[in-house]
Number of protein chains: 2
Amino acid sequence: MTTTCATGQHDKHDVYAAQCPCRDVLDLLANKWSALAIGALEDGPRRFGALQRHLEGVSPKVLTATLRRLEDGGFVSRTVYPAVPPHVEYELTPLGRGVARPLAALRGWVEDHLHEIGPV
Amino acid sequence: MTTTCATGQHDKHDVYAAQCPCRDVLDLLANKWSALAIGALEDGPRRFGALQRHLEGVSPKVLTATLRRLEDGGFVSRTVYPAVPPHVEYELTPLGRGVARPLAALRGWVEDHLHEIGPV
DNA sequence: CTGTATCCATTGGGATACTG
DNA sequence: CAGTATCCCAATGGATACAG
């Protein structure tokens, strides 16, 4: 069965194809907050509050939305520890650890070359 | 002069710092259209129309805005060849070729692992 | 051919306030 | 603590149409 990029499965995928689902994935990952959130989880599980502090300036609403989308994509897992006060931990899945590398490379490149970059 | 991340210059930069200018740079690059546009220029200069066709589905307005921001950041150069009809070529600068690598890695990762990723 | 010019819909995202 | 609930705005982005 020669599946197309649009229908997904095992063919070649192409981010340049308008209807390829990988477009949506790229859109999810190639995003400031996602890139930062995934990076913040590289060293192990973190709680919501810790993430919010680490991603300076992110509002709870936006952080929640970001984490939910990453969870839906299978990049992040969310674990609730029944306790009071509530205790929730976010952690990278194996998939998340996989994509963390190219994202770390991108973040690193930006930090390393900022001095060569004009005012954006 | 011990410059801070906010004022830029030669200190350590941190994408996790709210006021660090590299946040804006990350925002510019960690973006679907930017990532695609830079990738489309990896193999050499391209004209506006060629880019528009290659980045399936992008409107001229959005493509122009994307290219302008990349030009401002110093990632892309824009060359006008005086002729009729107009002839304009976009090309990666050395800086653009530098960032093209982490971006290509990200695009490649998405294409390679799409089958493991849940519906986004 | 290479863009602007418009118009418009969506929404990402910021600020707070508040609740289980 | 970990969000949700609102409110609201600026901006992204899509679709055409049109101009130099």
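Order of the sequence lines sets the chain letters (A, B, ...), proteins ahead of strands, with each chain counted from 1.
B:Val84 and B:Phe48 are assigned to two separate hydrophobic clusters, defined by single-linkage of ILVMFWY side chains at heavy-atom distances under 4.5 Å.
Atom-to-atom, OH of B:Tyr90 to P of C:dC1 comes out at 14 Å; the value is rounded to the nearest Å. Residue B:Leu28 contributes atom CG, which lies 11 Å from atom P of D:dG13 at whole-angstrom precision. Atom CD of B:Gln52 is separated from atom P of C:dG3 by 10 Å (rounded to the nearest Å). For the pair B:His87 NE2 and D:dG20 C1', the interatomic distance rounds to 17 Å; values are reported in whole Å. Taking atom CG of B:Asp24 as the reference point, atom P of D:dT12 lies 12 Å away to the nearest angstrom. Between the P atom of D:dC1 and the CZ atom of A:Arg46 lies a distance of 16 Å, rounded to the nearest Å. Separating the CG atom of B:Leu63 from the P atom of D:dA15 is a distance of 14 Å, rounded to the nearest angstrom. Here C:dC1 presents its P atom at 14 Å from CG of B:Leu51, a figure rounded to the nearest Å.
Take the nearest nucleotide of DNA chain D for A:Asp27 and for A:Leu67: the residue whose nucleotide is more 5' is A:Leu67. The 5' end of DNA chain C is approached more closely, in terms of each residue's nearest nucleotide, by B:Arg47 than by the other of B:Arg47 and B:Arg68. The residue among B:Thr64 and B:Arg53 whose nearest nucleotide of DNA chain C lies closer to the 5′ end is B:Arg53.
For B:Lys61 against C:dG3, no side-chain N or O and base N or O form a donor-acceptor pair under 3.5 Å.
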Give the intermediate values and the outcome of salt bridge (Lys or Arg N to Asp or Glu O under 4.0 Å) for residues A:Arg101 and A:Glu42. CA-CA 9 Å; A:Arg101 282 166 218 188; A:Glu42 276 177 348; over 6 Å; no
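Checking D:dA2, D:dG14, C:dG3 against every side-chain atom of A:Phe48, the shortest atom distance belongs to D:dA2. Here C:dC1 is the nucleotide among C:dC1, D:dT6, D:dG14 with the atom lying nearest to any side-chain atom of B:Pro86. Closest to the A:Val62 side chain, of the nucleotides D:dG3, C:dC1, C:dG14, is C:dG14.
As judged by a 4.0 angstrom heavy-atom cut-off over every strand, B:Tyr81 is placed among residues making no nucleic acid contact. Across all strands shown, B:Asn31 has heavy atoms under 4.0 Å from sugar-phosphate atoms exclusively, and none from any base.
Contact between the side-chain N/O atoms of B:Arg78 and the OP1/OP2 oxygens of C:dG3 is found at a separation under 4.0 Å.
Using cut-offs of 30° and 60° for the angle between ring planes, the A:Tyr81 and A:His87 rings count as perpendicular.
To the nearest 0.5 Å, atoms CG (A:Leu106) and CG (B:Leu26) are separated by 6.0 Å. Between atom CD of residue B:Gln52 and atom CD of residue B:Glu56 there is a gap of 11.5 Å, rounded to the nearest 0.5 Å.
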